[in-house]
Structure formats: structure tokens, C-alpha cells
Amino acid sequence: MFEDFTLFPEAASTVAGGIDRLYFFLIGMTTFAVAGILSALILFSIRYRRRPDRAAQQIDGSVPLEIIWSAIPLALWVFIFGWSAKLYLEIHTTPSEGMTYFVTGKQWMWKIQHPTGQREINTMHVPRGEVVILKLVSEDVIHDFFVPAFRIKQDVLPGTQYTTIWFEATKVGTYDLFCAEYCGTKHSEMIGSVVVMDPADYQAWLDGQPAGQDPVDAGRVLFENLRCVTCHDAGSGQRGPDLSGRFGRPTSLSDGRTVLFDESYVRESILEPKRRLSAGYQPLMPTYTGQVTDTQINQLIAYVKSLANSDVAPKGGDADGGNGQ
Ligand code: CUA
């Protein structure tokens, strides 16, 4: 029954060791405190027990003692805060370069799309030693993407906002993937696995999959079929902003704010185009909610992203949209 029992999940990502050190430090520190308090309790119970020949003595406090037992815990907590804040930033600062996977949570499964377009459900193949960036979104309720062996856990939200988490796997193997947010009747069945392979094996595995549609190509076709091109092309009379060279950069909004033109902004602009309007444009764009699937949104994002460095597209006179009005 207990053959597979391990006290701690395997540590299979670059951040796992850091999390474990903090965790063991906390365990060690609390164990030390418990041991100290308990032994003092027992010792004092015996030593100062009630005896007929001894009267209780009143003590009215001690300033040095109060300073000591305030200062030591304070220093300790500040130390732990600094340590964990550093770790938190390390885990939640996404590297600028990496393989971007799209993960969609849905009652009750995980849908995964590889950077090259291949798709999987509940199983996710990744190469070892590569930075993998996950763009997570939900089709219905809040889920939570949790891989204990990588020590990563990230809420997955419905709506227009992608959440992001990244990891770099260090060991070949198969690791559990859980949903860690109660999301309905079959929440406990919303499980899967992450398969870490040597880069060469991963490539071979990828080649053996049904060729996924290249997301950029698929996105380009959608961009035309959905008639996005009518307004978003440089030569279209500029009813909408020309999208080339925009991805990954700050962009000005009509209300004067600036926003990062990223995955979430593109998704929001497709689903709720009037919410954060590009500066200099009228709220003409209709919503595409219900007309595009999450997969198609991901493809459109891939296409728009591919335009990030396309300087070839001719820019219209005011195509930069940074001109206020
Ligand atoms: Cu999805 Cu719990």
C-alpha cells in the first residue's frame, strides 16, 4: 500500500530546491520553538510545582527580557520575509525568452497547445532544460494549475486575463498535474501529467504527433476570414490600429493610460474591444465573443505576435497611435 509513498514530491524544476530550503528552514525553526516551549513547560511544572514550604513570588516584568523576545522574533520574521519575497519574485518573474504554451482549463480537463501548434489534453510534454512559459486561461470557472514536483501553482481565470507561470524542468520523468481550486463536481478528476523528455526525445515525440496547424499560419487565415484585416491593415484606411510592430510594447489608450500590448490585451481586444481602446480610434469594433474559440484566440495572438518585429509592413501616416487623438 505504501510502496509509492514519499513524504515529499520529487524536486524537478530549477526553483524547487529554493522552495524546499525555505520550507525546511520553517519546519526546523518551528520544531525548535515547539521543543523549547514544551521542555520549558515540563521543566517549570516540575521545578516550580506547588510545595507547602514555598510561597509564590510576584515578578513585575523585565525590560531586557521584553526587548529580547521582541527583537529576536522580529529579526527572524524580517529575514524570512526577505528570503521568501526573493523566491516569490524569482518564480513570478517570467523570463523574456522561452517556449510559450497555451493552457486552457475547462470543467474538468486541461487543454494544452504547444508552441508549434500540437495539442494535447491532460498530458503535457515538455523538453528538459528549457524555459517553458505557460499562458493560462479558463473557459468557465477558476481553476488552478499545480505541479508539485516543479513547486509551481497558478490560478487560472475565466475572462480576458491570461495568467502566466513558468518553469524549467531539470529531470526527465512524468509528474502529476493537479487542479488546486475547487471547481465543481469533478474537481478531483481534473488531473493530468507533465512528461519531461530529453530535448531530442521531445523533438522526436513532437514530430510523431499529428502535425498541428502552425499557430501563426492559422492565425493569419483567421485574421482574413474574420475580416480583421479590413480595419487592421496598414492600407485599410485605418479604422483600427495597424498591428505590426506592436506586440510586447507599451501602447497608448484613448483615456490617456498606457498598457502593455501582450497576450491578455489582444485577448481582451477580441472579446471586449471597447474596454481599453487604442488611442486615436473610435469604438467601432464589435465583440467576437462566441464567434471564436479559445484555440482560435490563441492562434490570432500567435499571428499578432509574429507581427511584432515586422518592419516590412508599410506604416500608415498615424499608424503608431501614439499621437493622442
Ligand atoms: Cu479545475 Cu478544480
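Note that the numbering runs from 1 along the sequence shown for the chain. Below, each value reflects all heavy atoms present in this structure, side chains not excepted, and no hydrogens, waters or symmetry copies. Indexing begins at 1, ligand by ligand and atom by atom, following the structure's order.
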Hey, are Asp201 and Arg128 close enough for a salt bridge, meaning a charged N less than 4.0 Å from a carboxylate O? no
Answer yes or no: is there an ion pair linking Arg257 with Asp255, defined by an N-O contact shorter than 4.0 Å? yes
Hey, which of Ile133, Ile152, Val147, Val15 is the one that makes side chain to side chain contact (heavy atoms under 4.5 Å, CB included) with Phe167? Ile152
Please report the number of protein N, O or S atoms that lie less than 2.8 Å from atom 2 (Cu) of ligand 1. 4
Is a donor from one side chain sitting under 3.5 angstrom from an acceptor on the other, for Thr164 and Lys135? yes
Under 3.5 Å, is there a donor on one side chain and an acceptor on the other for Arg246 and Thr251? yes
Is it the case that the ring center of Phe81 lies less than 6.0 angstrom away from the ring center of Trp77? no
